[in-house]
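Heads up: the structure comes next, in C-alpha cells.
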Amino acid sequence: ILASPRSGSTLVREFLATSPDVCALPECAFALILIDSAEEANESIRDCIRVTSLVESLVKVPKWDSWRLHIESVKAELCEKVPISYRDFVLSVYELYRDRHGYGAVILDKNNSFVDFGDKFCEVFNGSSILHLVRDPRDVIASQITISRQAIDMPHYPRFSDDLDRLAKNWVRQNRWIARKLDAGDIKGTQIRFEDFLRWPKSSYETVLISMGARRWPGLDETFVPAFPPEEIRFHAWRKSTFAPIDTKKIRIHESLLL
C-alpha cells in the first residue's frame, strides 16, 4: 500500500487482512531502510558473511521485534539461498514470516515511510502490485496538524510539521510521484480513494482483492459506517460544499486548491 501518512492505510490494511488469502505483515520498513547496504536491489549477494550482516541489521530496525522471527533461523534460511539479490533477500524474509505464522499466500505490506523512498521503492518492489490509496488532502493535513500539536512521547509515534504550506506541498509531491510512476508503468497497481472504502466498503474491498488475486472474507460487515465525532460534522459539510472527492488523475489541481 502506497499512501501519504494519515490517509487511512492502517484501516484499509485491516480490511484486506480479513481475506483468508492475505498475509498482512507487521509495519516495519526494513526493506528500504537496509537497501543502502546492498547498493542495488538486483545486485547479487555472493557470500554468507554479507547475508549474515544484513540479517543482523534487521534487529536494529524499528518495530522488527513485532515480526517474532528468531534471528539465527533467518540467517540459516537465507545463507542457504546464496547467491541472492537484495530484492530476493527481502522477499525471503517476507515469506519466512508468512510461513512461520501460517497466513495466506498473498503478502501485504504497508508503511507510511514507503512513499518517501522514491525510486528505491521501485527497485525493491519491482513486480509487486501496488495499491495507491488517496484520501482528501484536507482530511490528511487536518490529521497531521492534530498530531503535530499532541505532546506524545512514544517511540515510533508519527511526527509532522505544523506548517500548512509544507504539508500541502508534501501531499502533492507524494501522490504526484505515485501517479506518475503508475502512468509510466514503472510500478503496476490500482488507485482507490479512501472515501470510497468508507462509502462502499464491500465493492471497494472486492475490487482491491481481485487485483491482488485474493478471495474476500464472506463475513465482512456490509453496513460498516465511519463514526465521525460531532465536531467533525461541520467540517465534512463544509468539505462537501467546496469540491467533490478528488480525482486521482488530476492530483496537480489540488496543489492550488490546497495552497
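Everything quoted here is computed from the prediction, not taken from an experiment.
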Do the non-hydrogen side-chain atoms of [X] and [Y] ever get within less than 4.5 Å of each other?
{"X": "Arg68", "Y": "Pro26", "result": "no"}
{"X": "Lys110", "Y": "Thr10", "result": "yes"}
{"X": "Val12", "Y": "Leu131", "result": "yes"}
{"X": "Arg100", "Y": "Ser73", "result": "yes"}
{"X": "Thr207", "Y": "Asp196", "result": "no"}
{"X": "Gln150", "Y": "Ile147", "result": "yes"}
{"X": "Lys169", "Y": "Arg166", "result": "no"}
{"X": "Ile187", "Y": "Leu2", "result": "yes"}

Using the six-membered ring wherever Trp is involved, compare the ring planes of [X] and [Y] and label them parallel, tilted or perpendicular (cut-offs 30° and 60°).
{"X": "Tyr86", "Y": "Phe89", "result": "parallel"}
{"X": "Tyr205", "Y": "Phe15", "result": "tilted"}
{"X": "Phe121", "Y": "Trp177", "result": "perpendicular"}
{"X": "Trp67", "Y": "Trp64", "result": "parallel"}

- Query: Going through the distances and angles, do Asp119 and Lys181 end up as a salt bridge (Lys or Arg N to Asp or Glu O under 4.0 Å)?
  - Reply: CA-CA 9 Å; Asp119 289 341; Lys181 288 295 181 181; 3.0 Å; yes
[X] to [Y] - nearest heavy-atom pair and separation:
{"X": "Ile178", "Y": "Ala3", "value": "CD1-N, 4.3 Å"}
{"X": "Ser92", "Y": "Leu78", "value": "CB-CD1, 4.1 Å"}
{"X": "Phe160", "Y": "Ser148", "value": "O-CB, 3.3 Å"}
{"X": "Val22", "Y": "Ala214", "value": "CG2-CB, 4.0 Å"}
{"X": "Leu34", "Y": "Ser57", "value": "CD2-CB, 3.8 Å"}
{"X": "Arg98", "Y": "Gly104", "value": "CD-O, 3.0 Å"}

- Short question: side chain of Gln144, backbone of Arg6 - any donor-acceptor pair under 3.5 Å? no
- Query: Within the distance-only criterion (no hydrogens, no angle test), does the side chain of Arg215 pair as donor or acceptor with the backbone N or O of Asp21 below 3.5 angstrom?
  - Reply: no
- Item | Any donor-acceptor N or O pair under 3.5 Å, side chains Asn175, Ser4 | yes
With a 4.0 Å cut-off on N to O distance, would you call [X] and [Y] a salt bridge?
{"X": "Glu72", "Y": "Lys75", "value": "yes"}
{"X": "Asp186", "Y": "Arg180", "value": "no"}
{"X": "Arg176", "Y": "Asp183", "value": "no"}

- Task: Could you state whether Ile71 and Ile33 fall into the same hydrophobic cluster, counting links through intermediate Ile, Leu, Val, Met, Phe, Trp or Tyr residues with side-chain heavy atoms under 4.5 angstrom apart?
- Result: yes
